[in-house]
Amino acid sequence: MKKTYWLSYFVWGGLLAMWLYGSSAVPTAAHAGGTPLIINEPAGTFLVSLWSLPNSLVANQEANLIVALASPSPELNTRAGLVVLNADIDITLTTADGRETVTVQPTHAQATNKLFYEGYFVFPLEGEWQGEIRVSKDGESGTATFSVLVEPDGGREINWFLIGGTAVLLIGLGWFLWQSRNPVGAE
C-alpha cells in the first residue's frame, strides 16, 4: 500500500506561502507608514509635511509625529523641493477647548530616517486637538496648522480575528492528524 505524504505537502505549502507573503514588497509613506496630516504645506519659505503614528492616535499612549521639511526649488523644477536639515521645529498641540497643551520638539536624533524630524509624546486627553508647527532656520521662519483626532483609551482590546483563526487552524490540524492515523493492525 502506497503511503501519501499529503500532510507534509500541506505544511511545506503553508511555509512557502508565509515566506512569500513575508518577503513581498510593501508600500511606504514616511518611513514606516503613518497617517498624513499635512503634505507640502507652505510655512514661510519652507514646505512642511507631517505624519502621525500610530495610525489611530489614542489618549494616554505614546504617539509619534514625523516631519519632513523642504525648501522649494524652482530652478530644479521639483514639486516637493530640497530637503532642509538642522532646522528648529516646535509643535504645539492644544485641545479644542484649550484645557490642555502639549509641546513637541522633533529632531533628527529621534528619527529613524535622518532626513526626517521625529518627536515622541503622549496625548493626555481624547478628542480633537489643534496643532501648530513653527519652523526656523538661518533667520527664516514659518508656521503651518493642522488638526488631529485622538481616540479614547479603550485599554487592551482582544483580537478576536487572531483568536478565531488560531482555533480554526488547530481544529483543522487535529482533524487532519486524526484522519491520517493508521488503524491498529493495518499495514
Side-chain angles (χ1 to χ4, degrees), residues 18-154 156-157 159:
M18 287 189 294
W19 177 76
L20 288 172
Y21 178 75
S23 63
S24 63
V26 294
T28 59
H31 67 275
T35 302
L37 301 174
I38 299 174
I39 300 296
N40 288 337
E41 178 82 21
T45 59
F46 304 103
L47 295 174
V48 176
S49 295
L50 175 70
W51 295 267
S52 65
L53 277 175
N55 289 329
S56 294
L57 296 171
V58 179
N60 299 314
Q61 293 184 12
E62 186 175 65
N64 178 9
L65 290 179
I66 304 123
V67 179
L69 190 60
S71 177
S73 179
E75 58 275 357
L76 293 178
N77 195 21
T78 59
R79 290 187 315 179
L82 302 172
V83 174
V84 176
L85 302 175
N86 302 319
D88 293 321
I89 299 176
D90 291 313
I91 301 175
T92 303
L93 297 150
T94 308
T95 56
D97 60 6
R99 288 186 310 166
E100 194 77 34
T101 299
V102 175
T103 302
V104 184
Q105 293 179 319
T107 64
H108 294 299
Q110 298 178 56
T112 304
N113 180 336
K114 301 306 179 192
L115 296 176
F116 295 107
Y117 302 80
E118 288 190 38
Y120 294 86
F121 64 100
V122 173
F123 282 103
L125 298 173
E126 64 186 73
E128 181 147 1
W129 288 71
Q130 303 301 319
E132 180 181 67
I133 300 176
R134 288 179 302 287
V135 180
S136 62
K137 182 179 179 176
D138 298 333
E140 296 183 23
S141 64
T143 61
T145 59
F146 63 97
S147 64
V148 65
L149 183 62
V150 177
E151 296 178 2
D153 181 12
R156 187 172 173 96
E157 294 184 20
N159 187 342

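Residues: numbered from 1 along the sequence shown.
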| message | For a 4.5 angstrom cut-off between non-hydrogen side-chain atoms, does Gln61 reach Asp153? | response | yes
| remark: With sequence neighbours left out, the residues meeting ring-ring contact (aromatic ring centres under 6.0 Å, His included) with Phe146 are none
| said: To the nearest 0.5 Å, what is the distance between OG on Ser141 and CG on Asp88? | reply: 11.0 Å
| Would a 4.5 Å heavy-atom cut-off, applied to side chains only, mark Ile39 and Trp51 as touching? | yes
| request: Indicate yes or no: at least one non-hydrogen side-chain atom of Leu69 is less than 4.5 angstrom from one of Val48. | output: yes
| remark: Heavy-atom nearest pair, Ala63 first then Leu57, reads CB-CD2, 3.8 Å
| message | Check whether Ser49 reaches the backbone of Asn40 with its side chain - one donor and one acceptor, N or O, closer than 3.5 Å. | response | yes
| task | Return yes if some donor-acceptor pair links the side-chain N/O of Thr35 with the main-chain N/O of Asn55 below 3.5 Å, else return no. | result | yes
| query | Which distance, rounded to the nearest 0.5 Å, do you find between the CD1 of Ile66 and the CD of Gln110? | reply | 11.5 Å
| said: Could you check whether any side-chain N or O of Glu118 sits under 3.5 Å from a backbone N or O of Thr112, counting only pairs where one atom can act as donor and the other as acceptor? | reply: yes
| note | Here the gap from Leu93 atom CG to Glu100 atom CD, rounded to the nearest 0.5 Å, amounts to 11.0 Å
| request: Compare all side-chain heavy atoms of Val67 with those of Ile91 and state whether any distance is below 4.5 angstrom. | output: yes
| What distance do Glu126 atom CD and Asn60 atom CG have between them, rounded to the nearest 0.5 Å? | 9.0 Å
| task | With side chain to side chain contact (heavy atoms under 4.5 Å, CB included) as the test, would you mind laying out the steps for Thr95 and Trp129 before giving the verdict? | result | CA-CA 4 Å; Thr95 56; Trp129 288 71; 3.5 Å; yes
| message | Is any side-chain heavy atom of Leu65 closer than 4.5 Å to one of Leu37? | response | yes
| Shortest non-hydrogen contact from Leu85 to Lys137? | O-NZ, 2.6 Å
| Short question: side chain of His108, backbone of Leu115 - any donor-acceptor pair under 3.5 Å? | no
| Closest heavy-atom pair and its distance - Val102, Pro124 | CG2-CD, 3.7 Å
| Roughly how far apart are Ile89 CD1 and Arg134 CZ, rounded to 0.5 Å? | 11.5 Å
| Is there side-chain contact between Val150 and Leu125, with at least one heavy-atom pair below 4.5 Å? | no
| Under 3.5 Å, side chain of Tyr120 to main-chain N/O of Val104, donor-acceptor pair present? | no
| message | Rounded to the nearest 0.5 Å, what separates atom CG in Leu50 from atom CZ in Phe116? | response | 11.5 Å
| Val135 versus Ala87, closest heavy-atom pair with distance | CG1-CB, 4.4 Å
